[in-house]
Amino acid sequence: MFDEDSENEVSGAATDAGRRALMLGAVGASAVLTVRPALAQSAVSVLNCQIPVPDPARAGQYIAADGTVVAPGTVGAFVPAPRPFTGQEVKQALSGLNLPGTSYTQNQAYLNYIRRLQYGQSGFTCFASLQMPGR
Amino acid sequence: MRHSTTVTIGPRTFRIGSDWRAPVDAVDALYRDYPAPASLIPDYTVRLEAAKFARRLIRPSVAICGDYTLPEAVPQSLAHGLISAEMAMNLQMALGERRFLLLHASSVEKGGKVLIMTGESGSGKSTLSALLASRGWRFMGDEFALIDPLTGDVCPFPRPISLKNEAIGVMRGMLPATRFGPLQADTAKGDICHLIPDDAAIAAMHNPAPPALILFPAYGLPCDIRPVGKSEAFVRLTQASTNYTALGEAGFDALARLVKNVPIGAIDYPDTDTALALVDELWAALP
Amino acid sequence: MGASTYAASLPFKSVALDGLSAIYHGASGATHVVAEPVPQILEALGGDTLTLAELLARLGADYDLDDDAEAGLSARLDELVALGLVIAR
Amino acid sequence: MGGTAMIDARLLTKTLSQPSYATRLDARGWTSLLTIAHAERLTASLAWRLEGLKVPPKAAAILAEAKASAEVGRTHALWEAEMARRALGPLGLPLILLKGTAFAAAGLDAARGRLIGDLDILVPRDWLNEVEAALLGAGWEWVKPDPYDDAYYRTHMHELPPLIHAARDRMIDVHHTILPLTARVKPDAAALIAGAVPLGDGLFTLSPPDMMIHAVAHLFADGDLNGGLRNLWDIDRLIREHGAVPNYWPQLIERARLHGLVPHVSRALRLSQHLFETPVDAFLAYEARKGDIFYMGRLLARNGWGQETRKIVRLAFYIRSHWLRMPPLMLAQHLWVKWRRG
């Protein structure tokens with residue numbers, strides 16, 4: 001059948017003492033998402049979906065460190081991503097890699113933007129369908 | 001109302017009232033093989049009302065009303081009265097159902113175990129359920145899969161299958177003409193023709209069965225099988241459900257149990273023969 | 001923040017699904033899908049009201065923590081308070 | 001078909017006030033009762049009233065589901081109040097809840113099975129800008145981007161244009177008084193706020209007499225009596241819970257005078273007494289007026305299919321509701337703008 005080894009990946013890599021590491025400061029994302037009422041359904045594959053940063057309705061605007069969308073040129077904020085990220089790239093970024101072509105702080109800002117995505121915004125269904133890889 | 005009828009499908013009974021005779025006659029014809037309502041009290045009331053007095057005289061159009069109504073629903077042509085009735089029944093389920101967790105999915109059963117197929121319109125879940133039903137599976141529903149939070153079982157809701165466009169010709173070539181409702185051309189979704197479930201499916205419409213496999217089919221892609229992670233499946237199924245949030249904790253329990261206990265995968269297929277082969281392969285590999 | 005103690009907002013249910021957990025939160029009726037370390041923090045809180053230091057000590061007893069765990073935990077707790085899963089006093 | 005024309009919503013009001021009446025219903029009667037209750041948004045309230053009675057299995061299932069669903073709705077509504085409390089907390093204002101959320105937060109009988117839609121809160125008019133800014137900052141957004149509607153609300157209404165929370169999809173109505181500014185009667189909003197009662201967790205409700213005053217204002221003046229039975233049921237429940245408290249009736253009379261709503265309170269009491277056998281104060285209820293029968297006809301205009309009946313009566317109430325809210329010239333302007341926009 002399918003590879004059903006996901007269950008035992010939950011506890012991650014054990015250290016020598018049988019204890020395992022817990023990254024309290026790893027990714028700024030406690031809630032990956034909160035389920036919202038749906039009349040429609042999203043069925044988007046991780047492999048072929050995209051997340052623009054920001055969404056086309058706010059193209060050209062900057063992304064602040066906390067993920068909010070701010071006016072172009074705002075001090076401390078980051079330029080829009082030149083191309084949409086794929087679901088796969090975001091998935092990897094959530095597990096620790098930087099999004100392609102981003103600095104550490106820029107990566108954090110973009111991830112904060114992505115986790116603020118809401119139903120109806122471009123990229124939300126893609127993000128919603130992401131799953132964390134077992135660590 | 002001037003004309004009315006009552007229809008029972010699985011656990012749900014609908015009372016349908018209409019300002020015109022034709023839609024009620026069409027419903028009675030389509031559901032002629034279904035047993036008489038088990039309960040004299042319906043779960044839902046559906047009303048097909050004349051949209052506006054002036055319009056009723058000039059060009060009759062049907063407003064879809066009932067216990068649950070969408071304010072922005074567009075009135076339908078009276079010529080498509082049967083579809084209006086079906087849409088209205090779907091609407092009551094989608095907005096009103098509070099006993100079962102309702103998934104926008106088709107379901108078929110074999111050997112006492114259920115295959116659930118969920119996906120957007122165009123994924124082929126409806127056509128695949130019709131094809132599987134013609135190959136020895138029991139048809140349980142092509143629109144809504146009802147998950148019973150008390151048992152975890154899938155409860156049948158075997159409505160007539162709403163075939164669209166090319167699928168009509170495909171199925172007509174395989175099954176006797178008596179199994180089909182009238183062709184309704186030029187609806188908002190193209191041509192629609194209803195396929196009446198076979199006698200066995202209707203006779204077993206009160207018999208639930210446990211789920212054994214969930215598939216997310218996608219039509220028009222090269223053949224592929226992928227596992228779908230439990231958390232991804234959980235989120236996607238909340239979005240495939242119209243009443244997950246309204247059910248509160250019962251919905252959470254039902255969905256968590258379903259996702260944890262049942263293998264879940266995605267299949268991409270270029271044609272229906274491939275899809276059927278993939279389903280057979282995955283079904284045979286079940287523990 | 002001025003908060004000195006933290007407690008989990010009870011009741012909630014947590015179900016582990018591959019790398020993530022689905023949490024049903026009784027007070028809000030909301031379902032959250034969360035990543036590590038959230039389930040571990042909620043489990044460590046249990047039914048108790050703890051200071052940041054006490055909570056950190058409990059987590060440290062079960063896990064190897066990263067550098068600057070206190071700042072990380074404080075940030076996670078702020079997020080959980082915003083979601084409603086944790087009550088700060 | 002034939003026969004249902006005789007049925008109106010009295011079937012529901014009778015069963016709500018005398019639950020044992022339901023035991024005499026046949027399947028057809030149950031069908032009409034449940035359909036009317038649904039249309040009036042009272043199914044779960046009915047379910048609570050019928051608890052413990054022997055009812056047909058299908059009806060029992062429908063009632064149980066309605067009850068469970070209302071319970072989920074109550075959880076969501078109270079959480080929304082908590083979210084608003086957090087958003088507005090820094091302003092240092094008491095968060096005064098209105099209508100269904102207030103009943104639920106205070107644990108009143110009126111909350112049993114009551115469906116709660118939007119979150120309604122009351123704030124001082126001088127604080128509207130700060131409240132608006134705080135809500136926008138905490139994730140609420142405007143529902144209507146239409147400038148005419150927006151200007152209309154701000155100039156003439158008793159509340160901000162509705163806001164919806166972007167993540168939770170829940171609406172909030174921020175009131176600064178309980179009737180539109182254009183209405184002929186002007187309740188004393190400052191007195192409502194000054195008399196608010198703390199619930200102990202940063203949330204407030206109106207005082208029991210003011211709560212009744214608001215329920216009455218909501219019943220008569222805030223629409224064309226659409227959904228009126230549910231609002232009247234609120235009134236019955238509030239009176240049955242508060243009416244026996246010492247001094248309730250003298251206070252209610254005093255507050256009705258203060259807010260200029262004595263005739264309205266009077267009529268509401270009479271209607272509630274007629275339809276729900278509510279024990280009311282004879283002095284305040286006064287004696288039946290000619291118009292009462294007209295109101296009853298409007299409130300009961302619902303057939304066994306859940307359809308609204310008595311079109312002429314309804315139309316009269318629709319026009320009347322706008323007449324009450326607006327001076328004639330403004331009404332003409334309003335209808336003109338609405339009409340041109342189709």
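Sequence lines set the chain letters: A, B, ... in the order given, protein chains first and strands last, and positions in each chain run from 1.
Both the backbone and the side chain of D/Gln307 come within less than 4.5 Å of a heavy atom of chain B. Using a 4.5 Å cut-off between heavy atoms, B/Arg99 contacts chain D through both its backbone and its side chain.
Using non-hydrogen atoms only and a strict 4.5 Å limit, the part of residues 38-60 of chain D facing chain B consists of D/His38, D/Pro56, D/Lys58, D/Ala59.
Here the straight-line distance linking atom OG1 of D/Thr31 with atom CG of B/Leu40 works out to 7.5 Å at 0.5 Å rounding. Separation of atoms OG1 (D/Thr35) and CZ (B/Arg15) is listed at 4.0 Å; rounding is to 0.5 Å. For the atom pair CD1 (D/Ile62) and CG (B/Asp43), the distance works out to 5.0 Å, reported to the nearest 0.5 Å.
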List the steps, then state whether side-chain contact (heavy atoms from CB on, under 4.5 Å) holds for D/Val72 with B/Leu247.
CA-CA 7 Å; D/Val72 173; B/Leu247 287 183; over 6 Å; no
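The backbone N or O of D/Ala66 lies less than 3.5 Å from no partner atom in the side chain of B/Arg98, so there is not a single donor-acceptor pair.
Across every non-hydrogen atom of D/Trp305 and B/Val46, the tightest pair is CZ3-O, 3.8 Å.
Looking only at side-chain heavy atoms (C-beta outward), B/Thr245 and D/His76 come within less than 4.5 Å of each other.
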